[in-house]
Amino acid sequence: MNWLLVVVGGMVGAPLRYLTDRAVQRRHDTVFPWGTFTVNVAGCLVLGLVSGAVLAGAASSQVQLLIGTGFCGALTTYSTFSYETLRLAEDGAKFYAAANVVASVVAGLGAAFVGVTVAEALWA
Amino acid sequence: MTTPDARMVEEPTDPDVDLRVPAQRQRSWRAQAPIVAVVALGGGIGAAARYGAALLWPVAAGGFPWTTLWVNAVGCAVIGVLMVVITDVWAAHRLVRPFFGTGVLGGFTTFSTYAIDIQRLVDAGEARTGLAYLAATVLAALAAVWLAVAATRRVLTWRQR
């Protein structure tokens, strides 16, 4: 049952990342990988909300597995993030490569902290 | 005076597909459906593999999240190999990259768990461990993808000689 929750969450999160990336990239004529940035930050926010809700006792461990481990885990990605960073650096866009790392980590962490804080304010 | 912004809004974002034409919208969906399906399939497999790793190598609360770090580093190394192979040598089927790169590896690696791991460590008063983990993951992931790309290119040029 636990495995099924993770797999189902992953099967929704990954295609949502693909579709979001496409939708975001076609609206931005830039080398900066806004699509991956968007899904990573959004996933951190949702996982923060779920983690805060679980800590406050408002969400079950099943929700954690489905939305947290499955959905958010697959919605966000480290492999595409690091590959896109490498591509930027190799293409001579060293500033964008560094900015991608710093912005993703700062915004992702910020979103996670905001998510947990909001969830605690709502349910604790 | 015509505003350039209004003209840009009028222009289709993808010149090949005019989404206002129902037939083209349908064709676009028909082309996307198999890609979305294999990304979903790969995402389920990748997420399950990550969950399996977390069960095999559990990390104590407040401890250094080695499992997530390794998962992310391994995923970054594999995508480095994959991308060089499918762009430089192997004329892969058009669904290989969506399935394996976007689906399996994207579902296997995670940015959200990474961020929440740091948040938990800071919350538990282990800010120093959190900071070390923050930096170690970034360095490991970038080193993994860079080394994998460089090594794969070297192997391929050596084989071609």
Side-chain angles (χ1 to χ4, degrees), chain A residues 2-3 5-19 21-23 26-27 36 39-48 50-51 55 65 68-83 85-87 89-90 97 101 104-105 108-113 115-116, chain B residues 13-14 32 35-48 50-52 54-55 68 71-80 82-83 98 101-120 122-123 134-135 137-138 140-146 149:
Chain A
N2 287 352
W3 287 87
L5 292 170
V6 173
V7 169
V8 168
M11 291 188 79
V12 177
L16 186 61
R17 167 164 41 80
Y18 170 73
L19 293 171
D21 185 47
R22 265 177 62 93
R26 71 162 60 175
R27 275 165 185 78
T36 306
V39 288
N40 276 347
V41 175
C44 289
L45 180 70
V46 175
L47 187 59
V50 171
S51 299
L55 277 177
L65 286 173
T69 310
F71 177 75
C72 291
L75 177 67
T76 61
T77 172
Y78 224 100
S79 50
T80 306
F81 160 71
S82 61
Y83 181 73
T85 304
L86 177 71
R87 284 300 304 271
E90 282 189 336
V101 172
S104 296
V105 170
L109 267 180
F113 274 90
V116 171
Chain B
T13 44
D14 186 339
Q32 284 300 308
I35 300 178
V36 171
V38 297
V39 169
L41 186 68
I45 294 169
R50 174 165 39 78
Y51 179 56
L55 292 179
T68 310
V71 161
N72 281 333
V74 168
C76 290
V78 177
I79 207 169
L82 175 80
M83 294 307 289
T102 313
V104 176
L105 294 173
F108 183 58
T109 61
T110 174
F111 202 91
S112 51
T113 308
Y114 162 72
I116 276 295
D117 282 344
I118 297 167
Q119 186 275 333
R120 280 199 187 134
V122 171
D123 213 38
L134 183 158
T137 301
V138 169
L142 292 175
V145 71
W146 179 66
V149 165

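Below, read A as the first sequence line, B as the second, and so on, with proteins coming before strands; counting in each chain starts at 1.
Between the side chain of B:Arg120 and the backbone N or O of A:Ser51 there is no donor-acceptor pair closer than 3.5 Å. At distances below 3.5 Å, at least one donor-acceptor pair connects side-chain atoms of B:Thr109 with backbone N or O atoms of A:Ser79. Checked by atom type and distance alone, the side chain of A:Ser82 never pairs as donor or acceptor with a backbone atom of B:Cys76 at under 3.5 Å.
With respect to chain B, the highest number of heavy-atom pairs below 4.5 Å among A:Val6, A:Val7, A:Asn2 belongs to A:Val6. Among the candidates B:Ala141, B:Ala144, B:Gly106, B:Ala37, the residue making the largest number of heavy-atom pairs closer than 4.5 Å to chain A is B:Gly106. No other option in B:Ala77, B:Gly46, B:Ala47, B:Ala73 has as many heavy-atom pairs under 4.5 Å with chain A as B:Ala47. Contacts with chain B were tallied for A:Gly43, A:Gly73, A:Ala89, A:Gly48; A:Gly73 has the most, counting heavy-atom pairs under 4.5 Å. Highest contact tally toward chain B, considering only A:Thr85, A:Leu19, A:Thr77, is held by A:Thr77 [criterion: heavy-atom pairs under 4.5 Å].
Looking at A:Tyr83, the atoms closer than 4.5 Å to chain B (heavy atoms on both sides) sit in the backbone and in the side chain alike. Heavy-atom distances place the side chain of B:Val122, and not its backbone, under 4.5 Å from chain A. Neither the backbone nor the side chain of B:Val74 has a heavy atom closer than 4.5 Å to any heavy atom of chain A. Residue contact with chain A, scored on non-hydrogen atoms closer than 4.5 Å, is absent for B:Ile45. In this structure, chain B has no heavy atom under 4.5 Å from any part of A:Thr36. For A:Val116, the part lying near chain B is the side chain, with the backbone staying farther off; criterion is any non-hydrogen pair under 4.5 Å. If you measure heavy-atom distances from A:Leu16 to chain B, you find no contacts under 4.5 Å at all.
Taken from CZ in B:Phe111 to CZ in A:Arg17, the straight-line distance is 13.0 Å, to the nearest 0.5 Å. To the nearest 0.5 angstrom, B:Thr110 atom OG1 is 8.0 Å from A:Asn40 atom CG. Within the model, atoms CG of B:Leu142 and CG of A:Leu86 stand 8.0 Å from one another, a figure rounded to the nearest 0.5 Å. Remark: A:Cys72 SG to B:Ile116 CD1 distance equals 9.0 Å, nearest 0.5 Å. Here B:Thr113 contributes atom OG1 and A:Leu47 contributes atom CG; the two are 5.5 Å apart, rounded to the nearest 0.5 Å. Here the straight-line distance linking atom CD of B:Gln119 with atom CG of A:Leu109 works out to 9.0 Å at 0.5 Å rounding.
The aromatic rings of A:Tyr78 and B:Tyr114 sit perpendicular, their planes meeting at an angle over 60°, well past the 30° parallel limit.
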Stepwise side chain to side chain contact (heavy atoms under 4.5 Å, CB included) check, B:Leu55 with A:Trp3
CA-CA 11 Å; B:Leu55 292 179; A:Trp3 287 87; 3.7 Å; yes
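B:Thr102 meets the side-chain hydrogen bond (donor to acceptor under 3.5 Å, both in side chains) test with no other residue; sequence neighbours excluded.
A heavy-atom distance below 4.5 Å is found between the side chains of A:Arg22 and B:Gln32.
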